[in-house]
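We count residues from 1, following the sequence as given. As the structure lists them, so they are numbered: ligands from 1, and atoms in each ligand from 1.
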Amino acid sequence: MADSKPLQTMDHHLNLLLTAEEIATIVKKLADRISRDYAEKELLLVCILKGAFMFLSDLVRHLKIPVKIDFVRLASYGAGMKTSGRIEITKDIELPIEGKDVLIVEDIIDSGYTLRFLKDRIIHSNPHSVKICALLDKKARREVEMEVDYPGIDVEDVFIVGYGIDFNENYRHLPEIYYVTPIHHSEG
Ligand code: IMP
Ligand code: MG
């Protein structure tokens with residue numbers, strides 16, 4: 001990426017992947033589609049904390065339909081950059097799901113375990129429908145079958161930060177999206 005501007009940190013670079021403007025264009029398109037598809041429905045957005053908080057807040061500002069909003073927080077075991085299949089709910093959905101049209105709002109889908117777990121759990125509560133909106137999709141890393149109904153943009157197998165998404169709780173505040181690469185200290 002010749003035109004990206006890496007931020008120097010301790011042991012890794014942040015390389016610009018999507019500018020705030022590029023993200024806004026993707027989010028607006030998703031909001032338009034959702035507004036059309038759910039015009040006559042009772043939409044309940046379920047945002048997965050923490051990573052999707054910024055995406056959710058931008059998305060709802062562009063919606064042209066009334067919605068209800070709830071949050072869920074999931075913990076997956078396996079530290080560092082990889083998710084394991086074991087997932088636990090640390091903050092559950094509070095609003096009633098039964099009969100509602102549920103749209104899960106997620107920052108990034110990788111193996112698919114997180115969304116598979118949450119979707120199956122929501123289905124147990126008898127919603128009218130349950131679909132998935134994910135800003136970023138690392139298709140190449142999928143380990144379980146998981147279809148994204150409202151996909152933002154596909155990304156390669158890189159580690160993403162910014163726009164709500166973290167690396168050990170850092171970088172969530174950044175308005176752009178970056179991918180992380182290690183610094184080779186021999187290069188200076
Ligand atoms: P999955 O269960 O493997 O699909 O992982 C999805 C979750 O892992 C997302 O909700 C993110 O929190 C996290 N995740 C996956 N890829 C990345 C990444 O590149 N950067 C930061 N978090 C990620
Ligand atoms: Mg997440």
Q: Between Ile177 and Leu135, is any pair of side-chain heavy atoms under 4.5 Å apart?
A: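 A side-chain contact exists here, since the closest heavy-atom pair is under 4.5 Å.
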Q: Within ligand 1, which atoms have a heavy atom of Val158 less than 4.0 Å away?
A: 19 (O)
Q: For ligand 1, which atoms have a heavy atom of Ser111 less than 4.0 angstrom away?
A: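 Going through ligand 1 atom by atom, the ones under 4.0 Å from Ser111 are 1 (P), 2 (O), 3 (O), 4 (O).
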Q: Does even one non-hydrogen atom of Asp107 get within less than 4.0 Å of ligand 1?
A: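 For ligand 1, residue contact (heavy atoms, under 4.0 Å) with Asp107 is present.
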Q: Taking only heavy atoms of Glu106 into account, list the atoms of ligand 1 that are under 4.0 Å away from them.
A: 9 (C), 10 (O)
Q: Would you say Glu145 has more than 12 foreign heavy atoms packed within less than 6.0 Å of its CD?
A: no
Q: For atom 11 (C) of ligand 1, tell me which residue out of Leu74, Ile108, Val180 has the closest non-hydrogen atom.
A: Ile108
Q: Can you figure out which of Ala52, Ala134, Gly112, Gly51 has its heavy atom closest to atom 4 (O) of ligand 1?
A: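 Nearest heavy atom to atom 4 (O) of ligand 1 lies in Gly112.
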Q: Asp110 and salt bridge (charged side-chain N to carboxylate O under 4.0 Å, His left out): which partner among Arg141, Arg142, Arg116?
A: Arg141
Q: Are Ile23 and Ile26 close enough that some pair of their side-chain heavy atoms sits under 4.5 Å apart?
A: no
Q: Could an N or O of ligand 1 be found under 3.5 Å from any N or O of Ile160, whether backbone or side chain?
A: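 Yes: some nitrogen or oxygen of Ile160 is under 3.5 Å from one in ligand 1.
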Q: Look at the rings of Phe55 and Tyr163 and say which category their plane angle falls in: under 30° parallel, 30 to 60° tilted, over 60° perpendicular.
A: tilted
Q: Is there side-chain contact between Thr181 and Asn15, with at least one heavy-atom pair below 4.5 Å?
A: yes
Q: Closer than 4.0 Å to some heavy atom of Asp166 - which atoms of ligand 1 meet that?
A: 21 (C)
Q: At a 4.0 Å threshold, what atoms of ligand 1 neighbour a non-hydrogen atom of Ile165?
A: 20 (N), 21 (C), 22 (N)
Q: Quick check on Lys138 - does any of its heavy atoms sit under 4.0 Å from an atom of ligand 1?
A: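 Yes; Lys138 lies near enough to ligand 1 that a heavy-atom distance drops under 4.0 Å.
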Q: Are more than 12 heavy atoms from other residues, nucleotides or ligands located less than 6.0 Å from atom NZ of Lys68?
A: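 Atom NZ in Lys68 is not packed in, count stays at 12 or less.
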Q: Parallel, tilted or perpendicular, judged at 30° and 60°: which one describes the rings of Tyr150 and Tyr38?
A: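 Correct class here is tilted.
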Q: Under a 4.0 Å heavy-atom limit, does Arg141 contact ligand 1 with its side chain, its backbone, both, or neither?
A: neither
